[in-house]
Amino acid sequence: MSYFEKFSNYVDSDGITDLFNKYQKHVGNNRTLAAKECGITPKSVYDWEDRSEDVKHSTKIKVLEKIIEEMPVETFQYITDKRYNSSSETLLTCLST
């Protein structure tokens with residue numbers, strides 16, 4: 001399992017869209033350029049807006065690979081915050097049961 005595959009398991013579809021939006025702002029708010037640099041089609045990004053299904057695992061890997069390369073601190077901070085909040089919620093639920 002690659003480095004990016006491992007981290008793609010920690011990010012849900014909403015997380016990928018949030019991270020992609022941050023990257024899009026990073027490249028001058030150009031959605032087409034951001035999608036191209038991530039190795040995905042602009043149509044994929046538009047489909048996320050009215051998403052009826054989750055973002056594909058392979059797409060998550062592509063997006064994370066580029067975003068970690070370009071914005072490592074912001075990306076790892078986002079993943080860490082999400083995992084911390086999730087684990088805190090799980091612990092509190094366990095303790096209250």
Between [atom1] on residue [X] and [atom2] on residue [Y], distance to nearest 0.5 Å:
X     : Y     : atom1 : atom2 : result
Ile67 : Ile79 : CD1   : CD1   : 9.5 Å
Asp14 : Leu19 : CG    : CG    : 11.0 Å
Phe76 : Tyr10 : CZ    : OH    : 11.0 Å
Glu37 : His26 : CD    : NE2   : 8.5 Å

Going by atom type alone, with no hydrogens or angles, which donor-acceptor pairs under 3.5 Å involve a side-chain atom of residues 56-65 and a protein atom two or more places apart or on another chain?
unit_1 : atom_1 : unit_2 : atom_2 : d
His57  : NE2    : Ser8   : OG     : 3.4
Lys60  : NZ     : Val11  : O      : 3.0

Point to revise | Non-hydrogen atoms of Val55 and Ser13 that approach each other most closely | key: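 Scanning both residues completely, I find the closest heavy atoms to be N-OG, 2.8 Å.
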Could you check if a side-chain atom of [X] sits within less than 4.5 angstrom of a side-chain atom of [Y], using non-hydrogen atoms only?
X     : Y     : answer
Thr75 : Phe7  : no
Trp48 : Val45 : yes
Met71 : Tyr23 : yes
Gln24 : Asn29 : yes

Review point. Do the side-chain N and O atoms of Gln77 and Asp81 include a donor-acceptor pair separated by under 3.5 angstrom?
Key: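 Yes, because at least one side-chain N or O of Gln77 sits under 3.5 Å from a partner of the opposite role on Asp81.
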Review point. Between Phe20 and Leu33, is there a shared hydrophobic cluster once you connect ILVMFWY residues whose side-chain heavy atoms come closer than 4.5 Å?
Key: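 Yes, Phe20 connects to Leu33 through the hydrophobic network.
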Exercise for review: Look at Lys43 together with Asp47 and state whether they make a salt bridge at an N to O cut-off of under 4.0 Å.
Suggested key: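 The answer is yes: the pair qualifies as a salt bridge.
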